[in-house]
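What follows is a set of notes on a single structure, which appears directly below.
Keep in mind that the numbers below use all heavy atoms, side chains included, and drop hydrogens, waters and symmetry copies. Each chain gets a letter, A, B and so on, in the order its sequence line appears, and its residues count up from 1.
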Number of protein chains: 2
Amino acid sequence: MATGRTHRPATRSRGIPEATVARLPLYLRALTALSERSVPTVSSEELASAAGVNSAKLRKDFSYLGSYGTRGVGYDVEYLVYQISRELGLTQDWPVVIVGIGNLGAALANYGGFASRGFRIAALIDADPAMAGKPVAGIPVQHTDDLEKIITENGVSIGVIATPAGAAQQVCDRLVAAGVTSILNFAPTVLTVPDGVDVRKVDLSIELQILAFHEQRKAGEEGGTEAPVVAPAVHGSPAAVDRKGPDGDVPAVMPA
Amino acid sequence: MATGRTHRPATRSRGIPEATVARLPLYLRALTALSERSVPTVSSEELASAAGVNSAKLRKDFSYLGSYGTRGVGYDVEYLVYQISRELGLTQDWPVVIVGIGNLGAALANYGGFASRGFRIAALIDADPAMAGKPVAGIPVQHTDDLEKIITENGVSIGVIATPAGAAQQVCDRLVAAGVTSILNFAPTVLTVPDGVDVRKVDLSIELQILAFHEQRKAGEEGGTEAPVVAPAVHGSPAAVDRKGPDGDVPAVMPA
DNA sequence: GATTGTGAAGGTATTCACAGCA
DNA sequence: TGCTGTGAATACCTTCACAATC
């Protein structure tokens with residue numbers, strides 16, 4: 001779900017599998033909570049359950065980082081927090097810009113977990129001149145015109161796009177041209193970027209649609225009641241032949 | 001990344017692999033765009049590139065749904081839109097409640113892609129009495145006290161949690177008790193739910209941390225120009241064989 | 001000739017289950 | 001005895017490559 005372009009085998013980066021990397025933040029969060037409660041050590045079983053994964057997976061994940069546990073005892077909380085933080089690159093802090101300070105951008109700017117976890121908002125950028133200078137989350141919004149300058153002067157390599165879909169690709173291009181190499185995209189668009197740039201996408205409607213899929217299945221399962229499927233009568237289209245799907249009548253397509 | 005609890009093999013649901021389900025919304029979005037431009041048919045190659053995946057994968061994905069294409073020609077756009085919508089359960093519309101109307105909740109409420117894609121905001125709910133009655137995105141906010149009533153009366157089965165982390169589990173429990181079986185969680189917490197309830201999680205700081213991981217790697221690769229990595233004198237990670245024990249300088253742990 | 005649909009091959013990820021160590 | 005670390009087994013996903021079909 002990341003990767004700059006279709007190529008790049010999404011292969012494990014430096015020996016650590018992508019799937020493992022995606023779980024490290026989860027472990028880190030659970031560990032941080034334990035650390036705050038001054039818990040000195042934790043077993044794979046306990047930690048796994050706090051992170052919502054199973055313990056074998058967790059141990060395998062940690063084994064990619066090294067042997068940081070003690071047999072018969074468990075893991076030293078502080079030590080693990082440090083090792084994972086380092087592995088994730090959180091021992092330095094990353095200046096981040098957020099582009100598009102609408103409802104969502106403002107929500108992101110106000111999100112507390114930001115500063116506390118290795119990231120620092122270097123700037124908020126919006127295309128609306130009326131926003132310029134207005135403080136959001138205590139940070140004055142700057143105009144898109146200065147985007148390149150802001151990126152360069154602050155050494156920003158991570159950008160967050162929270163603009164409308166229509167503007168996202170253009171903003172992305174400018175960010176990349178200015179030197180950003182990692183992008184978190186909240187706009188509902190597929191971004192095209194050159195090799196070497198990572199894009200991750202967060203998309204509300206995709207998540208909801210996935211839930212709807214499972215929800216529908218649940219409804220259909222029990223009692224077999226439901227009969228939601230309307231079944232199209234093969235339209236001017238294909239596979240009249242051996243095609244499976246029910247037939248009935250078609251579209252009435254989606255809105256937009 | 002979903003699934004109710006550790007168990008449930010995350011197995012394919014009704015023959016359609018989870019990975020495929022997660023891509024259907026992507027295809028649907030690309031198809032909808034084509035549909036709006038009145039494009040009648042599309043090849044796997046074209047559609048795949050619009051959706052940002054490779055064409056073999058797309059064809060394989062579609063093959064799980066049925067044989068909806070025409071060899072030598074491609075796919076009928078309208079027909080596919082309909083089939084995918086149906087598969088995702090978007091031919092009905094799902095009432096959704098959003099709990100926690102802070103910055104993020106408001107942003108979600110204002111998110112346009114909502115109504116247009118098979119979902120309808122049935123209610124906005126917040127624990128702050130001062131919010132009650134105040135309209136957000138044209139919908140009056142209701143108080144948490146009425147949560148159960150709202151869920152039941154509207155037949156809501158999908159809930160969105162946008163509360164602070166501390167309140168999330170409790171809200172989740174109430175939603176589930178009231179009949180919600182799918183939850184989209186924006187709070188940075190692991191939710192525990194009974195079997196049969198799906199949870200999906202959207203987490204800004206996790207995404208950023210994953211980006212930071214890759215970003216760090218990039219910096220390390222090239223000529224080392226960047227030189228950002230502070231590199232604790234500590235030993236390398238893996239191959240250090242029997243690596244072990246905190247010695248020398250360790251932690252300097254994360255804030256929170 | 002073009003493009004789909006799909007077996008088969010190749011990877012990646014998860015889980016099992018137990019040897020090894022504190 | 002208790003718990004980690006990890007090979008081996010399994011499950012899942014992606015990609016290849018080509019026969020089937022329009």
Side-chain angles (χ1 to χ4, degrees), chain A residues 1-3 6-13 15-24 27 41-49 51-76 79-80 83 236-245, chain B residues 1-3 6-13 15-24 27 41-49 51-77 79-80 83 237-245:
Chain A
M1 196 143 274
T3 79
T6 311
H7 0 307
R8 162 101 70 78
T11 277
R12 59 185 54 177
S13 313
I16 303 182
E18 216 18 68
T20 294
V21 172
R23 281 187 295 265
L24 292 181
Y27 302 145
T41 62
V42 66
S43 71
S44 63
E45 200 69 60
E46 295 165 325
L47 183 53
S49 122
V53 306
N54 93 4
S55 65
K57 194 187 288 185
L58 175 143
R59 287 199 303 278
K60 181 66 101 182
D61 284 342
F62 286 178
S63 81
Y64 293 115
L65 307 186
S67 297
Y68 294 148
T70 307
R71 292 167 203 245
V73 177
Y75 301 92
D76 181 284
Y79 188 64
L80 246 195
Q83 291 299 346
S237 70
V241 196
D242 57 40
R243 191 49 291 305
K244 40 117 58 92
Chain B
M1 192 147 273
T3 79
T6 310
H7 358 310
R8 162 100 71 77
T11 277
R12 59 186 55 175
S13 313
I16 302 181
E18 212 27 61
T20 294
V21 172
R23 281 186 296 265
L24 291 180
Y27 302 145
T41 63
V42 67
S43 71
S44 63
E45 200 68 60
E46 296 165 324
L47 183 54
S49 120
V53 304
N54 92 2
S55 65
K57 194 187 287 187
L58 176 144
R59 288 200 301 281
K60 180 65 99 183
D61 283 343
F62 285 179
S63 81
Y64 293 114
L65 308 185
S67 297
Y68 294 147
T70 308
R71 290 168 204 246
V73 177
Y75 300 91
D76 181 283
V77 172
Y79 187 66
L80 244 197
Q83 291 298 346
S237 25
V241 190
D242 60 30
R243 227 269 79 252
K244 204 356 339 149

Interatomic distance where [atom1] belongs to [X] and [atom2] belongs to [N] [whole Å]:
X: A/D76; N: D/dT4; atom1: CG; atom2: C1'; value: 15 Å
X: B/K57; N: C/dG10; atom1: NZ; atom2: C1'; value: 15 Å
X: B/Y68; N: C/dT6; atom1: OH; atom2: P; value: 12 Å
X: A/E45; N: D/dT4; atom1: CD; atom2: P; value: 8 Å
X: B/D61; N: D/dT14; atom1: CG; atom2: C1'; value: 10 Å
X: B/L80; N: C/dT3; atom1: CG; atom2: P; value: 16 Å
X: B/L58; N: C/dG5; atom1: CG; atom2: P; value: 10 Å
X: A/E18; N: D/dC12; atom1: CD; atom2: C1'; value: 17 Å

Check: Short question: side chain of B/S43, backbone of B/E46 - any donor-acceptor pair under 3.5 Å?
Finding: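 Judged by distance alone, yes, a pair lies under 3.5 Å.
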Margin query: Can you tell me which nucleotide in C/dG7, D/dA17, D/dT6 comes closest to the side chain of B/K60?
Written below: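 Closest nucleotide among those given: C/dG7.
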Check: Which one, D/dC16, C/dA22, D/dG5, comes nearest to the side chain of A/T70?
Finding: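 For A/T70, the side-chain atoms sit closest to C/dA22.
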Check: Taking for each residue the nucleotide of DNA chain C bearing the nearest heavy atom, is the 5' side occupied by A/V73 or by B/V42?
Finding: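 Closest to the 5' end, via its nearest nucleotide, is B/V42.
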Next item on the list: Record whether the side chain of B/R71 comes under 3.5 Å of the base of C/dT3 through a donor-acceptor pair of N or O atoms.
Entry: no
Notebook entry, point to check: Passes side-chain contact (heavy atoms from CB on, under 4.5 Å), A/Y27 versus A/L80? Steps please.
Noted result: CA-CA 9 Å; A/Y27 302 145; A/L80 246 195; over 6 Å; no
Should [X] be listed as having a side-chain N or O under 4.0 Å from OP1 or OP2 of [N]?
X: B/S43; N: C/dT3; value: no
X: B/N54; N: D/dT15; value: yes
X: A/Y75; N: D/dG5; value: yes
X: B/R23; N: D/dT14; value: yes

Next item on the list: Report the C-alpha distance between A/Q83 and A/L65 in whole Å, list the side-chain angles of each, state the deciding distance to 0.1 Å, and finish with yes or no for side-chain contact (heavy atoms from CB on, under 4.5 Å).
Entry: CA-CA 8 Å; A/Q83 291 299 346; A/L65 307 186; 5.6 Å; no
Notebook entry, point to check: Centres of the B/Y79 and B/Y68 rings: under 6.0 Å?
Noted result: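 Between B/Y79 and B/Y68, the centre distance is under 6.0 Å.
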Check: How is A/F62 classified with respect to the nucleic acid when contacts are heavy atoms under 4.0 Å: base, sugar-phosphate, or nothing?
Finding: nothing
Checklist line | B/L24 side, atom CG; B/Y64 side, atom OH - distance, nearest 0.5 Å | finding: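 Going from CG on B/L24 over to OH on B/Y64, the span is 11.5 Å.
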